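Atoms considered below: every heavy atom in the structure, side chains included; atoms not considered: hydrogens, waters and symmetry mates. The structure displayed is predicted, hence computed values, not measured ones.
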There are 2 protein chains.
Amino acid sequence: MAVERQFELGDAELEVLKALWDAGPATVRQVLAWLHHRGRRVAYTTVLTVLTRLEQKGFVTSDKSGLAYVYRAAVTRERVTRKRVKALMQQLFDGAAAPLVLQLIQNERFTKGEIQELAKLIEDLDAARRGRRT
Amino acid sequence: MAVERQFELGDAELEVLKALWDAGPATVRQVLAWLHHRGRRVAYTTVLTVLTRLEQKGFVTSDKSGLAYVYRAAVTRERVTRKRVKALMQQLFDGAAAPLVLQLIQNERFTKGEIQELAKLIEDLDAARRGRRT
DNA sequence: GACACTCTCCGACAACTGTAGTAGGATGCC
DNA sequence: GGCATCCTACTACAGTTGTCGGAGAGTGTC
């Protein structure tokens, strides 16, 4: 690879994006504060660099309204999340979702509420399937 | 980052590991054939390099029984898979499994059999939870 | 105007990963 | 013995990502 791929997100980049998702549009300094708050000890310029790269990749936009540039996420958390999950499914299970779900259900713990919610969703799925007579 | 992390698997590395999982212990040439079969056009020496790195990282072992070294996976597919999924959960959902499962169920399609299997697993989970009086 | 701050820009560097060429040893065939 | 073939070791290089430092511009304060 190394050629062709073009834009994916590394850990640091994702972390910065999260700051924008959680805190809304923010300046470099605000993102830095958010990261420090989360225990990520990085320098101001590091955040700046990451934001710049994210902008190059199209994940954020910026505009200078006051003294400093304000950065804003240009992609939704849902979109990025879905894409990542898809990629993982592709990589590990040749794109199939079921094995992943099965693994999660068997290996992870869920609260009562979560289990109920899952049960309900599954039931809905089943009902929909029947409804479509598939 | 760049420092500290030490060993994770890239796409190419994972693909090579898959070859060993699927086809069992194999020589460089056999892995190469497997990759070509899967449409991955890489050179012999590339495979050799990747296998060498995987060995350095402890993911495979090798032994020279005949003319060429035979490489063998030193980690199970399950172990690697679980670790990757955990990492994704950590990265995207702060370690929580439920949001990931919910997203999968809502966004992906499942066959009748899969839905039934899921329903059964959820039911078991629920029963176990009740059994524990938790 | 000088000093202190705060920003952005540019350049840099190291680790990791993907990819591969070249050299040289081993083996087998004529 | 010479030549083709196969294998490993070593080296290399580019792209990506994480991480910063220093230079220089803008702004506010005495």
Side-chain angles (χ1 to χ4, degrees), chain A residues 1-19 25-36 38-72 80 84 87 91, chain B residues 1-19 25-36 38-72 80 84 87 91:
Chain A
M1 209 154 274
V3 167
E4 117 190 19
R5 200 216 262 164
Q6 224 61 265
F7 77 84
E8 213 29 75
L9 293 171
D11 280 358
E13 291 174 334
L14 190 59
E15 207 63 22
V16 167
L17 251 191
K18 280 187 194 167
T27 62
V28 174
R29 191 147 300 273
Q30 288 168 328
V31 170
L32 179 67
W34 190 92
L35 291 174
H36 280 177
R38 299 259 294 186
R40 191 136 189 161
R41 319 292 312 157
V42 288
Y44 183 95
T45 49
T46 299
V47 177
L48 177 62
T49 302
V50 171
L51 278 168
T52 305
R53 288 184 187 161
L54 282 173
E55 186 165 24
Q56 280 165 4
K57 293 179 179 180
F59 288 101
V60 312
T61 60
S62 68
D63 64 310
K64 184 157 201 160
S65 37
L67 182 73
Y69 278 100
V70 172
Y71 294 86
R72 166 185 323 258
V80 170
R84 295 287 268 220
Q91 201 178 35
Chain B
M1 209 155 275
V3 168
E4 116 187 24
R5 201 216 261 161
Q6 223 60 265
F7 77 84
E8 214 29 75
L9 293 170
D11 279 0
E13 292 174 332
L14 191 60
E15 206 63 24
V16 167
L17 251 191
K18 280 187 196 168
T27 61
V28 173
R29 193 148 299 274
Q30 289 169 327
V31 170
L32 179 68
W34 190 92
L35 291 174
H36 280 177
R38 300 258 295 186
R40 191 136 189 161
R41 320 291 311 157
V42 287
Y44 182 95
T45 48
T46 299
V47 177
L48 177 61
T49 301
V50 171
L51 278 168
T52 303
R53 287 183 186 162
L54 282 174
E55 188 166 21
Q56 281 165 4
K57 293 180 180 180
F59 287 102
V60 311
T61 59
S62 69
D63 63 310
K64 185 159 200 157
S65 37
L67 182 75
Y69 278 100
V70 172
Y71 293 86
R72 166 185 321 261
V80 171
R84 296 287 266 220
Q91 202 178 37

Quiz prompt | Short side-chain N/O contact to D/dT19 OP1/OP2 from A/Thr49, under 4.0 Å | solution = no
Quiz item: Is there a side-chain contact (heavy atoms from CB on, under 4.5 Å) between A/Thr27 and A/Gln30 once you walk through the steps?
Solution: CA-CA 5 Å; A/Thr27 62; A/Gln30 288 168 328; 3.3 Å; yes
Exercise. Find the distance B/His36:NE2 to C/dT19:C1' and express it as a whole number of Å.
Key: 12 Å
Quiz prompt | Check ion pair A/Arg84-A/Glu8 (N to O, under 4.0 angstrom) | solution = yes
Quiz prompt | Nearest listed nucleotide, side chain of A/Glu8, among D/dT17, D/dC20, C/dT19 | solution = D/dT17
Quiz item: Starting at the 5' end of DNA chain C and moving along, which residue's nearest nucleotide shows up first, B/Arg41 or A/Val28?
Solution: A/Val28
Quiz item: Please give, in whole Å, the distance from C/dT19 P to B/Tyr44 OH?
Solution: 17 Å
Quiz item: What is the distance from CD of A/Gln30 to C1' of C/dC7, rounded to the nearest Å?
Solution: 14 Å
Quiz item: With respect to the side chain of B/Arg29, which nucleotide from D/dC7, D/dC20, C/dC7 is positioned closest?
Solution: D/dC7
Practice problem: Nearest whole angstrom, please: distance from the P of D/dT17 to the CZ of A/Arg40. | Solution: 14 Å
Exercise. In whole angstrom, give the distance that lies between atom CD of A/Glu15 and atom P of D/dT19.
Key: 10 Å
Quiz prompt | Which atom of A/Gln91 lies closest to which atom of B/Leu14, heavy atoms considered | solution = CG-CD2, 3.3 Å
Quiz item: Taking atom P of D/dA9 as reference, at what distance in whole Å does atom CD of B/Glu55 sit?
Solution: 9 Å
Self-check item: Nearest-neighbour nucleotide for the B/Leu67 side chain, D/dC7, D/dC20, C/dA12 considered
Solution: D/dC7
Exercise. Answer yes or no: side-chain N or O of B/Thr52 and base N or O of D/dA9 forming a donor-acceptor pair under 3.5 Å.
Key: no
Quiz item: At what distance, to the nearest 0.5 angstrom, does CG of A/Leu32 lie from OH of A/Tyr44?
Solution: 8.0 Å
Practice problem: Between D/dT8, C/dT19, D/dT19, spot the one nearest the side chain of A/Val42, thanks. | Solution: D/dT19
Exercise. Tell me which of B/Arg53 and A/Glu13 sits closer to the 5' end of DNA chain D, going by the nucleotide each one is nearest to.
Key: B/Arg53
Practice problem: Let me know the distance between CG of A/Leu48 and P of C/dC10, rounded to the nearest Å. | Solution: 11 Å
Quiz item: Given C/dA20, is OP1 or OP2 found less than 4.0 Å from the side-chain N or O atoms of B/Thr46?
Solution: yes
Exercise. May I have the distance from B/Lys57 (atom NZ) to C/dC16 (atom P), rounded to whole angstrom?
Key: 8 Å
Quiz item: Just how far is it from atom CG of A/Leu48 to atom CZ of A/Arg53, taken to the nearest 0.5 Å?
Solution: 10.5 Å
